Amino acid sequence: MSPPLVDPFQRRITYLRISVTDRCNLRCQYCMPEEGVPLRPRSKILTYEELLRLGRVFTSLGFVKFRITGGEPLVRHELVPFLAEFAQIPGVGELVMSTNAVLLSEHAEGLARAGVQRLNISLDTLSHETFVRLQRRDELDRTLAGIEAAQGQPFRRIKLNAVIIRGVNDREIPALARFALERGLEIRFIEFMPTSKQRSWRGDRVVPAEEMREALCAEWSDLKMVREPGGESGPSRVWAYGAGAGRVGFISAVSETFCQACNRVRLTSDGNLRGCLFADGQRSLRDAMREGASDEDLAAIIRSVVWNKVESHRIGREDFSPIDLGMSELGG
Ligand code: SAM
Ligand code: SF4
């Protein structure tokens, strides 16, 4: 196993986010338009065999953490047996998944058995009405049932993720924090980020992390920071609340960037490797594989993407323009 790849800004890149599909069973306002995004033809999506091969190449380059995401990963057929194989690749240290939990009741046990260690579950509201408005599907009950099912399995950790949009769910910040605290789950509040695919982003709809913290302080005056971004906490700053029993993070790409702690690259479901969610520039590992590339050729592409990682995204700066892909296509 080679030592981890290091980018030009001395960041060790050991984490790959893998989008296994661009399909989804929800239509979150902040992620895609109501009609959804044009889906990539199935022939363009990486097969499980291709993903397993890439898993072996990435681990040979010192990658240890892999997050399965999408779209909604659980809508992809036969995902659980694939993950069981992926988890067995030597060098896969952490296998984790992001999901909206709608299908989790059916799959929680299989995922835990397959070797998925941790889950991040999206939950932006506890109100049916807001769920239908924000997710554009009436699936709150199945989402909550999915969270409960996951809590019955031996996952090492389950985190809740809530994207907060002013005027939609910002008043629910304390209720969501209470929901997490009562269940012993860490919750992370995410600033609404711009992509060109949802037309709903506007600067004044972003609730800055600082304001989210104030909303929590009104209820828990003991809120205090316990961890800076990086390492286990990923891009969020972690704070404790509720007499130290609760953990809350804030992912604030817009108001407080965390790029200096970035340790990741992303693979889209059609096989493009990207160094940054918000910067142009990607290389197709799929085309390379389908044109007969050797593992060493694939490793060279991965090294070049790492070497070309930008120092920081440009959200909030005058020269920022959203890239032409939605989160469900990028593997947000
Ligand atoms: N479908 C799964 C889910 O929703 O958890 C996994 C894919 S989803 C694209 C991954 C994460 O991206 C979710 O936590 C979602 O809330 C977040 N996300 C999507 N669009 C976003 C946006 N415009 N701003 C901030 N976070 C966003
Ligand atoms: Fe689907 Fe996740 Fe995007 Fe919502 S955020 S539309 S659940 S991919």
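If you're wondering where the values come from, they're calculated on a predicted model, not measured in any experiment. Numbers here are sequence positions counted from 1. Whatever order the structure lists ligands and atoms in, that order sets their numbers, starting from 1.
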Where ligand 1 meets Asn161 - atom numbers and elements under 4.0 angstrom, heavy-atom basis: 14 (O)

Ser122 touching ligand 2 at heavy-atom level, < 4.0 angstrom: no

For Met32, atoms of ligand 2 separated by under 4.0 Å from a heavy atom: 6 (S)

Leu26, portion touching ligand 1 at heavy-atom distance under 4.0 Å: neither

Arg247 NZ/CZ over Tyr241 ring centroid, <6.0 Å and within 45° of normal: no

Given Thr143, Asn25, Asp124, Asn161, the one that forms side-chain hydrogen bond (donor to acceptor under 3.5 Å, both in side chains) with Asn100: Asn25

Close-contact set for ligand 1 against Glu191 heavy atoms, below 4.0 Å: 24 (N), 25 (C)

Ring-face cation contact, Tyr48 with Arg76, 6.0 Å cut, 45° max: yes

Thr69: numbered ligand 1 atoms lying under 4.0 Å from its heavy atoms: 6 (C), 7 (C)

Validation row, ring centre Phe86 to ring centre Phe66 under 6.0 Å: yes

N, O or S atom of Cys24 closer to atom 1 (Fe) of ligand 2 than 2.8 Å: yes

Option with minimal heavy-atom separation from atom 16 (O) of ligand 1, where the choices are Ile164, Val163, Val102, Val206: Val163

Reference residue Ile301; test side chain to side chain contact (heavy atoms under 4.5 Å, CB included); the match among Asp287, Leu285, Val306: Leu285

Cation-pi geometry met for Arg183 and Phe179 (6.0 Å, 45°): yes

Intermediate values then yes/no, side-chain contact (heavy atoms from CB on, under 4.5 Å), Ile147 and Leu185: CA-CA 10 Å; Ile147 294 171; Leu185 302 172; 4.1 Å; yes

Those atoms of ligand 1 less than 4.0 Å from some heavy atom in Ser122: 3 (C), 4 (O), 5 (O), 13 (C), 14 (O), 16 (O)

Proximal candidate to atom 1 (N) of ligand 1 [heavy atom criterion; set Cys28, Gly71, Ala101, Pro194]: Gly71

Under 3.5 Å side-chain donor-acceptor pair for Arg40 and Ser269: yes

Those atoms of ligand 2 less than 4.0 Å from some heavy atom in Tyr30: 5 (S)

Numbered atoms and elements of ligand 1 in range of Gly70, under 4.0 angstrom, heavy atoms: 7 (C), 9 (C)

Close-contact set for ligand 1 against Ile190 heavy atoms, below 4.0 Å: 25 (C), 26 (N)

Any N/O pair Met193/ligand 1 closer than 3.5 Å: yes

Options Met32, Gln135, Glu72, ranked by nearest heavy atom to atom 2 (C) of ligand 1, top entry: Glu72

Reference residue Tyr15; test side-chain hydrogen bond (donor to acceptor under 3.5 Å, both in side chains); the match among Arg67, Arg266, Arg264: Arg67

Backbone of Arg136 reached by a side-chain donor or acceptor of Gln29 within 3.5 Å: no

N, O or S from Cys31 under 2.8 Å to atom 3 (Fe) of ligand 2: yes

